[in-house]
Protein chains: 2
Amino acid sequence: MRVALAQLNFTVGDLQANTDRILRCAQQASEQGADITVFPELSICGYPPLDLVTAAGFREANETQLQRLAKESASLHTGLVVGYCGEANESGKAANCLACLHRGSIVSSQRKLLLPTYDVFDEARYFQPGDRPAVWEFKGQRIGLTICEDAWNDKQFWERSRYSRDPVEELAGRGIDLLVNISASPYHVGRRRFRLSMFKALAARHKVPAALVNQVGGNDQLIFDGSSFIVDGSGTLQARARSFAEDLVCWEPGSASEAPDDAWTDGSNADDTEAVYDALVLGTRDYVRKCGFNTAIIGMSGGIDSALTTVIATEALGASNVTGVAMPGPHSSEGSLLDARRTAEAMGIRFLTIGINPAYQAFEEQLAPAFEGLAPNIAEENLQARLRGTTLMALSNKFDGLVLTTGNKSELAVGYCTIYGDMCGGLAVISDVPKTLAYKLARVANQRHPGGIPQSVLDKPPSAELRPDQKDSDSLPPYEVLDPILQLYVEECLTAPEIAERLGHSLEMVREVARMVDRNEYKRQQAAPGLRVTSKAFGMGRRFPIAQRYVR
Amino acid sequence: MRVALAQLNFTVGDLQANTDRILRCAQQASEQGADITVFPELSICGYPPLDLVTAAGFREANETQLQRLAKESASLHTGLVVGYCGEANESGKAANCLACLHRGSIVSSQRKLLLPTYDVFDEARYFQPGDRPAVWEFKGQRIGLTICEDAWNDKQFWERSRYSRDPVEELAGRGIDLLVNISASPYHVGRRRFRLSMFKALAARHKVPAALVNQVGGNDQLIFDGSSFIVDGSGTLQARARSFAEDLVCWEPGSASEAPDDAWTDGSNADDTEAVYDALVLGTRDYVRKCGFNTAIIGMSGGIDSALTTVIATEALGASNVTGVAMPGPHSSEGSLLDARRTAEAMGIRFLTIGINPAYQAFEEQLAPAFEGLAPNIAEENLQARLRGTTLMALSNKFDGLVLTTGNKSELAVGYCTIYGDMCGGLAVISDVPKTLAYKLARVANQRHPGGIPQSVLDKPPSAELRPDQKDSDSLPPYEVLDPILQLYVEECLTAPEIAERLGHSLEMVREVARMVDRNEYKRQQAAPGLRVTSKAFGMGRRFPIAQRYVR
């Protein structure tokens, strides 16, 4: 049986276009002799549809497209496995469904059994679970069918079970020749290796070939890396699809392996930084385009964050679609303006310089009566950032380009950013990238786009340039110290005393960092959606109260 | 058995202070002869704690405070029923728990069985459910114990069951003399009546007195109204606590009823508007104070929304803690400035006038080269709003006051608001108030604070005053037409064709409104937290993708 992994990029809610895309790919797979072509989870509607599934019409429209797909694929050699949002009649809820189509009919369908409800997933909110995993008897083979999380509860692989059932074990116990898993599993660092190692273990344990087909593409905060694969019954990788791009890969049990050679498949993590870079390019391209924009606008300070964002955006959208804007103010250095221009020139994008000093002076005068007798403080610093944000938004409104924000995760964590200032924008490209990772990404960026991030940018100490001779290190520990603390506090959810002990820092310093993280929750709840690349990003997967007093 | 309903206002995560508050109230109830004193759901940590519960230390700290509470209440006559966040050892998850304390010991504890996972609730994300509701045999009585949702699945009351079990029926089947329900049930219009009617039905069906004790107070977007009550075994209301304030109410089965007389308890809805007003005052006061602020800053346009917000904020915080700021720009009318001043004077608050014309002109010049040859559009309109937002934030940064935004739900729904402009602020006081409801609330406001909202404000047609002679009705249907459409689209989740048919409008017009709602999702995801008063608010309880194409 020749199996095709059809790894496609869907737009959430674009049911007709997604179905057209499935159909075209099924035709192509059929021409390549596929017996069965497997598409990702919720392929007809795209993942995650969120509250769209609460509308009865949305479920009906999914069913309509599924019927059309069955009918229009009637003449194909290949059978199809697709995901769609169905109806769970007894509860009034939706169901996350899989259907098997062949020769014009829907020959089997089932609901997802295990509904992830943690981190970025809220499936218990949306879906009614199924009760029994299905086996599709097709062309003499018994195919065990699972949807994403259904395969994520192997008792031997996991230290701790999240669910009482293991659908894969149930299917294996009933006897299957192939395990199929349709997925929408978002990317974060190391996730590709993890998924593969889990499926190698599953396949070897149950002695059955296993195919995982993952969605690819960016949908709001989530980036799906694809990286679909098939392992044989000994747990050996046999074929794999590309990461961060659509792909169609065929494989037949018993045939020669395609000998995949990417580093991520062999357990090393040499290319993790490149993968993050690729993820950000894909996430940026998809967010901008799926929102209906063609062009992006970026405020360029001359620092590493905005340079990196510019290189990523240019790779994602093309140089003719990106505008960089330098906005020198009262404390901007000549060097920074020059650095911003260098990046713009290296990338070949449009570059504007719009100074904010006249507006800043107008504001100083306008506020003088109210501020009389009071010393300059954060108000004047934030004012500069807000005048820049307002400038970018005026350009956005005039030229219909999406503003990309340039803040990194370290800043967003401790609130070293100005709400309604540098936080203005439709997408936060690197808001899940710690500052130390930004430097690593800059190397990848420069390999691909020489001169994109000038050496002077990499060499100079980070500064917001909002007061004379300001350095980030005036207010924050060095990023090499800060980032590991943040990683343990935000991603691992450790307490300040635990972190101080593990890293050998003073409790006082760690507590101060933790306090900064906690008290800046209000800024993050008004931040632009940010592309997720770590195991715990700010945004939809991390939900803390603003008005709260607990000290970790 | 004398039952005390202890309706308290907790700050999320302030475990020690919350426990102190419980202890003081228990002493008071004991002095009043209570045999049993019942506190709300998750009383020790406050509701909703969200991702705080994922930290093991948080659960441990809850247990520590519970032990302290047991010990320190050892000498009291009364037994205690309290809520806390416990540990569900087998899963590594938290549990939403109830404990019964008496004479220094924890004599019984149980987990919530039914975990709401819809709208603003995500309990399946946070908690492991219990398996059996407990009966506490205390002072010769059998007390059936439930936590909030546990009592929300009566098959006779609901048309459709959300869960397979009904813990109340299970308890009644085992024989109980009193049903206790500890709750954190947020307010929205009509919710008080609904809760009471449900408990009347439960009590009558099972022929057992039933006490519901609800949390009171604002925690971020949610306002808990309190409105705790006890009904006897015939389903007759016997005693009730106040709405929107702390209270302690005692009642003994068989004793004379306190004859509650509020309109909400008798099925009429005469006071719904007053309740919304009270809810907003409480929500504003609690958000500002629980965030550690004392003062608020409000941009006053001279329109009804900012006037209403000012009156609510002044009632919440006191006149000396509120600053109103008029910021006349190129298209502001004299009348509007005068109207803003009138409200400020009537309320006795500090009033500043800071014109934005010089800053606006500086921006026009600064942008002139980039904008050369292009006609004025939304860019110039939004610029005015953003200069006002920047002005307010400068005052916030200088004087440490929280900026309150003044936009209503109708505007937020269709995107008739400027992101980083009038959307700047820490709390959106009336962002769940449709414009037509704002007019009704203005009447309540004026009854309590004569002259707070001048007649001229109520009489003039709504205008953003961002271009000459602009009226809201230039871009939008009249609010009397718009609001019912939005109610069906946003709250009831109907499709455009369904709405057009139900309201007798053209499909084209309804589609355009729906399109505006959908395409402005990006603004709402960066909006300030808004106080919820309807059955479906924008914010935590409504989750739609931004980059999506589905047309309802």
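Only a predicted model underlies this, so the values are computations on that prediction, with no experimental measurement involved. Note on naming: letters A, B, ... go to the chains in the order of the sequence lines (proteins, then strands), and numbering restarts at 1 for each one.
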Could you go step by step and tell me if L387(A) and F363(B) meet the side chain to side chain contact (heavy atoms under 4.5 Å, CB included) rule? CA-CA 9 Å; L387(A) 297 178; F363(B) 258 94; 3.7 Å; yes

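- Between the side chain of K398(A) and the main chain of L374(B), no donor-acceptor pair closer than 3.5 Å is present.
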Can V551(A) and D518(A) be said to form a side chain to side chain contact (heavy atoms under 4.5 Å, CB included), step by step? CA-CA 8 Å; V551(A) 178; D518(A) 291 349; 5.7 Å; no

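- No donor-acceptor pair under 3.5 Å is formed between the side chain of D422(B) and the backbone N or O of A385(B).
- For the pair R386(B) and Y420(B), the cation-pi test (distance below 6.0 Å, angle within 45°) is failed.
- The CG atom of L42(A) sits 12.0 Å away from atom OH of Y126(A), with the distance rounded to the nearest 0.5 Å.
- Between chain B and the options I378(A), T54(A), L52(A), I354(A), the largest number of non-hydrogen pairs under 4.5 Å is found for L52(A).
- A cation-pi arrangement is not found for R552(B) relative to F58(A), the charged atom failing to lie both closer than 6.0 Å to the ring centre and inside a 45° cone about the ring normal.
- Proximity to chain A involves both the backbone and the side chain of N377(B), based on heavy atoms less than 4.5 angstrom apart.
- There is no contact between A56(A) and chain B, counting heavy-atom distances below 4.5 Å.
- The parts of I356(B) that come within reach of chain A are both its backbone and its side chain, each placing non-hydrogen atoms under 4.5 angstrom from that chain.
- No cation-pi contact links R125(A) to Y118(B), judged by a cut-off of 6.0 Å to the six-membered ring centre and 45° from its axis.
- Screening R542(A), R543(A), K536(A), R162(A) for a salt bridge (charged side-chain N to carboxylate O under 4.0 Å, His left out) with D119(A), the sole residue that qualifies is K536(A).
- Comparing D286(A), T495(A), D122(A) by how many heavy-atom pairs each has under 4.5 Å with chain B, the most go to D122(A).
- Among E365(B), Q16(B), Q525(B), E380(B), the residue making the largest number of heavy-atom pairs under 4.5 Å with chain A is E380(B).
- Of the two parts of D14(A), the backbone and the side chain both hold a non-hydrogen atom closer than 4.5 Å to a non-hydrogen atom of chain B.
- If you tally non-hydrogen atom pairs under 4.5 Å between each of N357(A), L115(A), I419(A), N382(A) and chain B, the highest count goes to N382(A).
- T418(B) does not touch chain A: none of its heavy atoms, backbone or side chain, sits under 4.5 Å away.
- For L494(B), no part sits under 4.5 Å from any heavy atom of chain A, backbone or side chain.
- When each of G355(B), G292(B), A55(B) is scored by its heavy-atom pairs under 4.5 Å with chain A, the top score falls to G355(B).
- Note: Y287(B) OH to I223(B) CD1 = 13.0 Å, rounded to the nearest 0.5 Å.
- Among L352(B), L383(B), L367(B), the residue with the largest count of heavy-atom pairs under 4.5 Å with chain A is L367(B).
- Looking at S161(A), there are no atoms closer than 4.5 Å to chain B (heavy atoms on both sides), in backbone or side chain.
- Proximity to chain B (any heavy atom under 4.5 Å) is shown, for I546(A), by both the backbone and the side chain.
- Heavy-atom pairs under 4.5 Å with chain A were tallied for A362(B), C493(B), C424(B), P116(B); the largest tally goes to C424(B).
- Remark: the backbone N or O of K523(B) is not paired with any side-chain donor or acceptor of Q526(B) at under 3.5 angstrom.
- Comparing G218(B), A124(B), S396(B) by how many heavy-atom pairs each has under 4.5 Å with chain A, the most go to A124(B).
- Contacts between A527(B) and chain A at a heavy-atom distance below 4.5 Å involve the backbone alone (N, CA, C, O).
- Per-residue counts of heavy-atom pairs under 4.5 Å with chain A were compared for L15(B), L50(B), D51(B); the largest is that of D51(B).
- Contacts of E381(A) with chain B are absent, with no heavy-atom separation under 4.5 Å from either backbone or side chain.
- Heavy-atom distances place the backbone of P49(A), and not its side chain, under 4.5 Å from chain B.
- Proximity to chain A is limited to the side chain of A61(B), based on heavy atoms less than 4.5 angstrom apart.
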Could you walk me through whether F121(A) and T117(A) satisfy the side chain to side chain contact (heavy atoms under 4.5 Å, CB included) test, starting with their C-alpha distance in whole Å, then the side-chain angles of each, then the deciding distance to 0.1 Å, before giving a yes or no? CA-CA 5 Å; F121(A) 305 107; T117(A) 305; 5.9 Å; no

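- N18(B) contributes a side-chain N or O that, together with a main-chain N or O of T11(B), makes up a donor-acceptor pair within less than 3.5 Å.
- With a 4.5 Å cut-off on non-hydrogen atoms, R289(A) touches chain B through its backbone but not through its side chain.
- Only the backbone of P48(A) comes within less than 4.5 Å of a heavy atom in chain B; its side chain stays farther off.
- Geometrically, R388(A) does not engage Y360(A) in a cation-pi contact, judged by NZ or CZ lying under 6.0 Å from the ring centre and within 45° of the ring axis.
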